[in-house]
Amino acid sequence: MTVQQAKQKNNQQQGKKAKKPKTAITPTRAENFPEWYQSVISSADMAENSATRGCMVIKPYGYAIWEHFQQELNSRIKKHGVKNAYFPLLIPLRFFEKEAEHVDGFAKECAVVTHHRLEPDSENGGLKPAGELTEPMIIRPTSETIIGESFSNWINSYRDLPLKINQWANVMRWEMRPRMFLRTSEFMWQEGHNAFATATEADEDSRKMLAMYEEFAKNVMAIPMIAGEKTADERFPGAVATYTIEAILQDGKALQSATSHNLGQNFSTSANISFQSQDGEEKLAWTTSWGMTSRMIGAMIMMHADDDGLIVPPKVAPHQVYIIPVIHDDADRSDILNYCENLSKRLQDQDIRVELDASEKRTPDKMWGCIKQGVPLRVEIGKREMEAGNITHTRRDIGRDSKTTETVDAFCGKVTGILDDMQQSMYDVAYARTMSMIHDVKTLDEAHAFFADKNNVGQVRFDASLLQDEAFADLMKEFSVTPRCLIFANEGKVLVGRSY
RNA sequence: CGGGGUGUGGCGCAGUCUGGUAGCGCGCCUGCUUUGGGAGCAGGAUGCCGGGAGUUCGAAUCUCUUCACCCCGACCA
């Protein structure tokens, strides 16, 4: 049975019992998508808003997902010959001022550090800033300028190129409208910065890193992406070209999920990243930068989660298998727990991330907790299973229709396969939905008609030449849609729609 | 930063118009019965009603002022 069929069947069954099936998350996606999103996060215990304005606390379960994410992405980055390093959080204002377009793009959202000391404030009994800095610092919104400073020191000869450096870091952009994972004032990411001797190499590199992100999104996060190039208006400030992968979420809005920029010689000019070429000539390097952020966790939620909460792709799931002992009679407790322990060890030996819930919580609470946290495989073990040498397991993405009871040996033999199937199936479902949300139109009138009908969700795709049409500006304004990208896979076509 | 909304036990809300002992549901704790898709009964704990200033004999309630969060725009990974 496919996931769609299973879900359909599930819905039909629930439909018979009650008009409105009980869901773990309220409101449902259909009722209120933004609130549903928040509720999924808190129900899964992933993160919460912090006392610090615009910032969030990533709780252990959410952070564990991020750690698997990092691990997978980091190994891919290294395979591209990139080395990790770390640069300062604070950037002297004068470095930041060097690249004019860059300043225009980020100035409005920079946090500025102006003092280096606190002293008692006699007026209110608290503390006040003192020790004004001779030169203000900004908290990095991105690090092109400060890394450029280092690159100008590190790069002297064509022999020093290419130079490929990545850092895992937090950055700060003073956001007006924060949303957990999607847009917070402080967020975590990796930012790669590469330098080359030629323009061709730089452009190839920025496309290659985008392809890496696309592959990562597909195979690790099970998220299909629309890869393409940003239009000039949507470009990174200071870039010659910006390449992007866009996810189309369940509500039809697009989410820019990672970007890779060909910076040309803009930053090497302002930071003076120059080298002596083979023929002894002084030349400016060609640089790229590329980043993917904790926003991707938000994409994962909005792509995969359902009205019962989170569904985590097995590749990044903190617990891939969750074992719930079902204990009726205290006399069986230690036997059942031992049985569960044995299974847990066998799964660990297969490098499966397994969690055994031996807590005092009631069984149904454990089950719903497991569902809301989106654990891929739930295993229930009671006296019945134990005595028959069995276990019962259920896949999170399919639900109760996937409930299977079989022997421990049979399960251990195929658990890896089940997880792989689920990973693939999550992608397939997401891919089908993404494609169903892209609507081809021939004219701007057709696009207008599409967005004017409130029943329509998704994005439109049309000939990129229409972007020059005056009516396009009106379309953008009326429906707050923007060109998401010039689609690589559909040459000459642009994707247009609402976005986060 | 503009327009709208909301701040009341851990969470969700009522009470505010018309000032007069702070309430409900869920959760939490204790006990018993339960336990395979959100258990039942009984008892119990938890609030400077977002902060500050006023008006008043008296303020969750009226006035002013601040702060935070949510939704819609503009901006953005």
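In what follows, every heavy atom counts, from backbone to side chain, and hydrogens, waters and symmetry copies are set aside. Just so we're on the same page: letters track the sequence lines, and every chain starts at 1.
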Lys/Arg-Asp/Glu bridge criterion (N-O < 4.0 Å) met for A:Arg76, A:Glu72: yes
A:Pro34 side chain, from C-beta outward: closest of B:C72, B:G36, B:A77: B:C72
Residues A:Lys208, A:Asp203: salt bridge by 4.0 Å N-O rule: no
N/O (side chain, A:Thr363) to phosphate O (OP1/OP2, B:G36) under 4.0 Å: no
Sugar-phosphate, base or nothing in reach of A:Glu35, heavy atoms under 4.0 Å: nothing
Separation of atom CG in A:Asp233 from atom P in B:A74, rounded to whole Å: 14 Å
Integer angstrom distance from the C1' of B:G51 to that of B:U8: 15 Å
Residue A:Glu175, side-chain heavy atoms: nucleotide from B:C75, B:G36, B:C70 that is nearest: B:C75
Touch class at under 4.0 angstrom, heavy-atom based, for A:Ala258 against every strand present: nothing
Pairing stems for RNA chain B [at least three consecutive pairs; Watson-Crick or G-U; under 3.5 angstrom]: B:1-7 with B:67-73, B:10-13 with B:23-26, B:28-33 with B:39-44, B:50-54 with B:62-66
Considering all heavy atoms, the nearest A:Gln167-A:Ala85 contact: CB-O, 3.1 Å
Contact under 4.0 Å: A:Arg179 side-chain N or O vs B:C72 OP1/OP2: yes
Candidate nucleotides B:A74, B:A77, B:G37, ranked by approach to the side chain of A:Ser480 - the nearest: B:A74
Heavy-atom donor-acceptor pair, A:Glu385 side-chain to B:G36 base, under 3.5 Å: yes
Inter-nucleotide P distance (B:U61, B:G15), Å rounded: 15 Å
Sidechain N-carboxylate O distance under 4.0 Å for A:Lys383, A:Glu385: no
Touch class at under 4.0 angstrom, heavy-atom based, for A:Gly291 against every strand present: nothing
Closest listed nucleotide, where the reference is the side chain of A:Thr394 and the choices are B:C70, B:G38, B:G37: B:G37
Donor-acceptor under 3.5 Å (A:Lys164 side chain, A:Gly192 main chain): no
Gap in Å between the two C1' atoms, one belonging to B:A22 and one to B:A14, rounded: 11 Å
Out of B:C75, B:A77, B:G38, whichever nucleotide has its closest atom nearest the side chain of A:Glu109: B:C75
Interatomic distance at P, B:G73 relative to B:U30, whole Å: 48 Å
Touch class at under 4.0 angstrom, heavy-atom based, for A:Arg498 against every strand present: sugar-phosphate
B:G50 versus B:G44 - spacing of their P atoms, nearest Å: 28 Å
C1' gap between B:C67 and B:C24, integer Å: 29 Å
Check: A:Arg183 side chain, B:C76 base, donor-acceptor under 3.5 Å: yes
Side-chain H-bond candidate by donor/acceptor type, A:Asn74 with A:Asn84, under 3.5 Å: yes
A:Thr293, nearest nucleotide to its side chain (from B:C71, B:A77, B:G38): B:A77
All side-chain hydrogen bond (donor to acceptor under 3.5 Å, both in side chains) counterparts of A:Ser480, not counting sequence neighbours: A:Arg498
Sugar-phosphate only, base, or nothing, as touched by A:Leu255 at under 4.0 Å among non-hydrogen atoms: nothing
From B:G37, B:G36, B:A77, nucleotide with atom closest to A:Arg378 side chain: B:G37
Note: A:Asp307-A:Arg29 ion pair, threshold 4.0 Å (strictly below): yes
Between P of B:A77 and CE of A:Met296, the distance in whole Å: 16 Å
Candidates B:G37, B:A77, B:G36 - which lies nearest the side chain of A:Arg384: B:G36
B:A77 base stacked by A:Trp189 (centroids within less than 5.5 Å, tilt under 30°): no
Residue A:Arg362, side-chain atoms from C-beta onward, closest of B:G37, B:C75, B:G38: B:G38
B:C64 to B:U21 separation - C1' atoms, rounded to the nearest Å: 28 Å
B:G20 to B:U34 separation - C1' atoms, rounded to the nearest Å: 46 Å
salt_bridge(A:Arg173, A:Glu186) N-O dist < 4.0 Å: no
